[in-house]
Amino acid sequence: MEQKIIEIIAEYQDREISEYSADQTFTQMGLDSLDLAELIIQLEDNMGIEVDISPTYNTPAKLAEFIQSKM
């Protein structure tokens, strides 16, 4: 799941997957609130579940853990 989140971010920013880490915050990855909204839309479309974003889930690893708990 972490890898899928990173892949979506890398594609969205037109960058290499290797530039990211699952423990980087979304801010460190260069995402702002509008970027995060787009990420959530893409995740919801890909996963078929509703995803909430909050400061608690501020890395791909934490967001993946949250998503997996919902499945």
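Bear in mind the structure is a predicted one, so any value in this text is a computation, not a measurement.
The two residues D23 and Q28 have their closest heavy-atom pair at O-OE1, 4.5 Å. Nearest heavy atom pair, residue M1 against residue A64, reads CG-CB, 3.3 Å. Closest of all the heavy-atom pairs between M29 and R15 is O-NH1, 3.7 Å. In terms of heavy atoms, E19 sits closest to Q24 at O-OE1, 3.7 Å. Closest approach of I5 to P60, counting heavy atoms only: CD1-O, 3.7 Å. In this structure, L39 and I8 approach most closely via the heavy-atom pair CD1-CG2, 3.6 Å.
Checked options V51, N58, T56, L36; the residue passing with L63 is V51 (criterion: side chain to side chain contact (heavy atoms under 4.5 Å, CB included)).
Applying the salt bridge (Lys or Arg N to Asp or Glu O under 4.0 Å) definition to pairs two or more places apart or across chains, none involves residues 37-49. Pairs of residues two or more places apart, or lying in two chains, that qualify as ring-ring contact (aromatic ring centres under 6.0 Å, His included) and include a residue from residues 45-71 are Y57-F66.
Counting heavy atoms of neighbouring residues, nucleotides and ligands inside a 6.0 Å radius, atom CD of E65 does not exceed 12 of them.
Here the CD-CD distance, from Q42 to E7, works out to 12.0 Å after rounding to the nearest 0.5 Å. In this structure, E16 CD and I6 CD1 are separated by 13.5 Å, a value rounded to the nearest 0.5 Å.
In the hydrophobic clustering of ILVMFWY residues, with side-chain heavy atoms under 4.5 Å counting as a link, L31 and I41 come out apart.
At a threshold of 4.5 Å between non-hydrogen side-chain atoms, the residues F26 and D35 do not count as touching.
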